[in-house]
**Student:** 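One structure is given below, represented as structure tokens, and several questions about it will come after.
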Number of protein chains: 2
Amino acid sequence: MGKQNQAKRHHHGNLREALITAAIDILGAGGPDALTLRKCAARAGVSHAAPAHHFNGLVSLKIAVIARGHDMFADTMHRARDRAEQNPHARLNAICQGYLEFATTHTDLFKFMFQPHGALPDSIDTTTGMEISRASMASYGVLRDACAPFEHDRGGNLGTETMVWSLVHGYAMLFSTNTTSQAPFGPIPDFNDILPKLLLKSDPAQ
Amino acid sequence: MGKQNQAKRHHHGNLREALITAAIDILGAGGPDALTLRKCAARAGVSHAAPAHHFNGLVSLKIAVIARGHDMFADTMHRARDRAEQNPHARLNAICQGYLEFATTHTDLFKFMFQPHGALPDSIDTTTGMEISRASMASYGVLRDACAPFEHDRGGNLGTETMVWSLVHGYAMLFSTNTTSQAPFGPIPDFNDILPKLLLKSDPAQ
DNA sequence: TTTGTTAAATTGACAGTGTCAAGATTGCAT
DNA sequence: ATGCAATCTTGACACTGTCAATTTAACAAA
């Protein structure tokens, strides 16, 4: 086994990957404040300063985690889309369901992805910078493509994109879980009952 | 002057308030990661362990900052509402404008308010706990009251609340500022062009 | 194979941080 | 004035990110 061969080796072999998965595990277990370079290093079985050779500081590791999160995010939406009926309404509805499914099942990661992390562009190593731009554009593209069939009276389909994205994102942010001491809510309407009102209005062909 | 009299005193006089305003200043200047108990203490002119007598740890101070943020948030929406025409549509539209105005002018604080901070209810001192529940309920009440006139076919007006809140919150979260390495956007449609589509559809009297 | 160069990981150190314990100071009711 | 409780300080500890110096491993060239 390759793993047994690499067990005693000085070089880890794939430390960058191991640190990202370790970070996601720690994030899911202990929340954002528990995400620590030293803990990731310990979980990957390396010394505390080893991550410095793969990430330009803690912020870069966080950005890499967000990039990985966007990959998972896009996957969830893709799967939801592919098992839906193949018409624009069903497709967009399924993608929103995937959006909310990811926000519900990976709440910590989802909220972590849309937080400011004080990352100046030059403080991120080039590898991580490429990953985050690719992954974030890809996950946004899923929703953008699904909105394309819905023409809008002004501004092309950008208006539809903005409306749908704002609606589903706000819904996910507010109701995926009650964060801390939010106002008490009654039963929250299902998103299935919300989106059609927006779509029917936006699509003159309907 | 009271201040000069209190300058050399051992007791600060109003350290709790001073710490909260110091925290908001630091948050606006250096971002969430710069918000530190020791920095707040230094800015308030007390020793590093003084805050422990007013807040049950850093998390409680953060929650107190969020409560103060909700007060400012509600004020902004109130002012926007009061200078609008007094009909349901204009009122709700103005409140959403206030919502976005706060998110734009206090972006750091706004995003900080809607982040998870790993606050177990029993880890927050009672004073702060009362403040956050009062303040968050008050700020949510502004939007709730503005949605009340718009009856909805199912679920009373809760559906309208959920729709409008999700829409404006998502819009604020996504477009108040480009956080870090988001996908490249074209021009974002103004919220004034978005909300009416939702309202007109939701209000059968229109 | 031997050698030299580079990448990868380790060790050690330093300044900050949250938090606790113990002591000192102040304000206030009695 | 006296005692008590609230308030603040000092000191300490473990943990964190980050840097510098060093050791180890991998690999290409001779």
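Since we're looking at a predicted model, the values are computed, not measured. The sequence lines fix the lettering, A, B, ..., with proteins before strands; numbering per chain opens at 1.
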**Student:** Find out whether A/F102 and A/D75 are in side-chain contact, i.e. whether some heavy atom of one side chain is under 4.5 Å from a heavy atom of the other.
**Tutor:**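 No; the side chains remain at least 4.5 Å from each other.
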**Student:** Rounded to whole Å, how long is the line connecting atom CZ of B/R38 with atom P of D/dT10?
**Tutor:**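 B/R38 atom CZ is separated from D/dT10 atom P by 12 Å.
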**Student:** Atom CZ of A/F55 to atom P of C/dA9: distance rounded to whole Å?
**Tutor:**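 Between P of C/dA9 and CZ of A/F55: 12 Å.
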**Student:** Do the non-hydrogen side-chain atoms of B/E17 and B/R68 ever get within less than 4.5 Å of each other?
**Tutor:**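 Yes, at least one pair of side-chain atoms sits under 4.5 Å.
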**Student:** Can you check the B/L19 CG to C/dG18 P distance for me, whole Å?
**Tutor:**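 Computing the B/L19:CG to C/dG18:P distance gives 12 Å.
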**Student:** Ignoring the backbone of A/L58, work out which of D/dT16, D/dC8, D/dG17 is nearest its side chain.
**Tutor:**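 Out of D/dT16, D/dC8, D/dG17, the nucleotide with an atom closest to A/L58's side chain is D/dG17.
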**Student:** Between C/dT19, D/dT16, D/dC19, which nucleotide has the shortest distance from any of its atoms to the side chain of A/A49?
**Tutor:**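 Nearest to the side-chain atoms of A/A49, counting from C-beta on, is D/dC19.
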**Student:** With sugar-phosphate meaning primed atoms plus P, OP1 and OP2, does B/H54 contact a base, only sugar-phosphate, or nothing at under 4.0 Å between heavy atoms?
**Tutor:**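 Result for B/H54 = sugar-phosphate.
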**Student:** Is a donor-acceptor pair below 3.5 Å formed from side chain B/H48 to base C/dG16, judging by atom type as modelled?
**Tutor:**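 For B/H48, whose side chain was compared with the base of C/dG16, there is no donor-acceptor pair (under 3.5 Å).
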**Student:** Over all strands shown, is A/S47 touching base, sugar-phosphate only, or nothing at heavy-atom distances under 4.0 angstrom?
**Tutor:**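 Base contact - A/S47 has a heavy atom under 4.0 Å of at least one base atom.
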**Student:** What is the distance from NE2 of B/H53 to C1' of C/dT25, rounded to the nearest Å?
**Tutor:**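 The distance from NE2 of B/H53 to C1' of C/dT25 comes to 12 Å, rounded to the nearest Å.
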**Student:** Compute whether any side-chain donor of one residue and acceptor of the other, for B/H70 and B/Y140, lie under 3.5 angstrom apart.
**Tutor:**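 Side-chain D/A pair, B/H70 to B/Y140: absent.
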**Student:** Separation of A/L35 atom CG from D/dT16 atom C1', in whole Å?
**Tutor:**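 Rounding to the nearest Å, CG of A/L35 and C1' of D/dT16 are 12 Å apart.
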**Student:** Would you check if A/D108 and B/P116 make a side-chain contact, meaning some heavy-atom pair closer than 4.5 Å?
**Tutor:**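 No; the side chains remain at least 4.5 Å from each other.
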**Student:** Please determine whether a side-chain nitrogen or oxygen atom of B/K39 lies at a distance below 4.0 Å from atom OP1 or OP2 of C/dT17.
**Tutor:**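 So the side chain of B/K39 is within the cut-off, an N or O lying under 4.0 Å from OP1 or OP2 of C/dT17.
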